[in-house]
Amino acid sequence: MVEAEVAAAGGGRVEAVQLRIGQLAGVHEAALRFAFEQAREGSVAEQATLCITDLPVAVFCPRCDRIVELPQITPLACPACRQPTGDIRQGQELELESIELSEVGT
Amino acid sequence: MSVSETASVHAGLPRILQVRTKILKKNDELAREMRAGFAAAGVRVVNVVSSPGAGKTELLTETLRQLRDRGAAVAAIVGDLETDNDARRLAASGAPVRQIMTHGLCHLEADMVQAELAAWEAEGLAVAGLQTLLIENVGNLVCPTSWDLGESLRVVLMSVTEGEDKPLKYPGLFNTADLVVITKIDLAEACRFDRAAALAAIEQVRPGVSVLETSAITGQGLDRWLAAVQ
Ligand SMILES: Nc1nc2c(ncn2[C@@H]2O[C@H](COP(=O)(O)OP(=O)(O)OP(=O)(O)O)[C@@H](O)[C@H]2O)c(=O)[nH]1
Ligand SMILES: [Mg+2]
Ligand SMILES: [Zn+2]
């Protein structure tokens, strides 16, 4: 995926890859880092650093009528008024945010 | 891939490609397409997820058997790291069954399901004529979370033998459940299953979700379960 983006942008060497991972995404950060180290070998991202932004869970509380961030994943309830809510507004992301390139041979 | 990139090129500075793409976008798109196809054909697709050994195969074998007895066209796909043991158990029901051996991959992906459906079509089974397609996912409570298979119902099983706090340990997966089934309820007493604690744990990670209790051995709770997947 990173290779396709880099090719589409005209090539270059990848210095860093930035991901956004929600706490509910079902991804283990250490496992992901390990997989990245394996996958980058021999690719344009061989030298790249992996930066992961960890996104906490945020839910919409119907009682408070606002989106609130949770101090921990569970319970899925408003930390202010304790109203249980499954209306998740953040925390399920699994996204490639950005790729940092250095100009090589251009 | 549609890239909304704003490549900012500054002389001498590294370029940052802003991509902001879902990593599982391909799977998401295929799953959405498949879901629309299933809906149009009237096929109910049930993705069954649980920890290893929670009772997926046992419950699904009984489900296939009873739905066939009621005259329903049913079939199943099962994913396992190795062996086709589960496929053989499921096939004992008499229903068409296909095994996906993932050889190390810890979850099923939409394109794997699509390939099995295509193979079925090639063998003459009309997938669009099915009433219910059951998918037994690989026993795993983490990785199936983010992999949509185009299902109309995602069921998470937890057995009474694995601890009432399973949902709290795997909130991400339980949070994606459309239905939670507590299995092996015939063993509840023997392992001092605390029903209230289990229901409270489920409620904490998936407020409002329906919960059923079943035993594939005694048949307890199967009527409500069959009604949910039919
Ligand atoms: N007492 C009792 N035992 C059950 C029930 N359901 C399954 N079992 C037993 O639990 C064990 C595991 O059941 P399976 O159906 O193979 O579990 P599974 O989730 O398919 O396991 P994997 O595919 O390996 O992840 C077997 O020995 C089953 O006989 C039940 O309702 N009651
Ligand atoms: Mg099984
Ligand atoms: Zn509130």
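Every chain is numbered from 1 and lettered A, B, ... according to where its sequence line falls, protein lines coming before strand lines.
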>> Is any side-chain heavy atom of B:Val180 closer than 4.5 Å to one of B:Leu212?
In response: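 With C-beta onward as the side chain, the pair stays apart.
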> Should A:Glu95 and B:Arg20 count as side-chain neighbours, where that means a heavy-atom distance under 4.5 Å?
Replying inline: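 They are in side-chain contact.
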>> Can you tell me which portion of A:Glu100 sits under 4.5 Å from chain B's heavy atoms? Options are side chain, backbone, both or neither.
In response: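 For A:Glu100, backbone and side chain are both near chain B.
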> What part of A:Leu96 lies closer than 4.5 angstrom to a heavy atom of chain B: side chain, backbone, both or neither?
Replying inline: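 Interface part for A:Leu96: both.
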> B:Asn175, B:Ile23, B:Thr145: which one forms the most heavy-atom pairs within less than 4.5 Å of chain A?
Replying inline: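 Winner by heavy-atom pair count: B:Ile23.
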>> Testing the 3.5 Å rule here: is there a donor-acceptor pair between the side chains of B:Ser51 and B:Glu162?
In response: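 There is such a pair (donor and acceptor under 3.5 Å, judged by atom type) between the side chains of B:Ser51 and B:Glu162.
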> Among A:Gln18, A:Glu97, A:Arg20, whose side chain to side chain donor-acceptor pair (under 3.5 Å) with A:Thr53 holds?
Replying inline: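 So, applying the side chain to side chain donor-acceptor pair (under 3.5 Å) to A:Thr53 and each of A:Gln18, A:Glu97, A:Arg20, only A:Gln18 qualifies.
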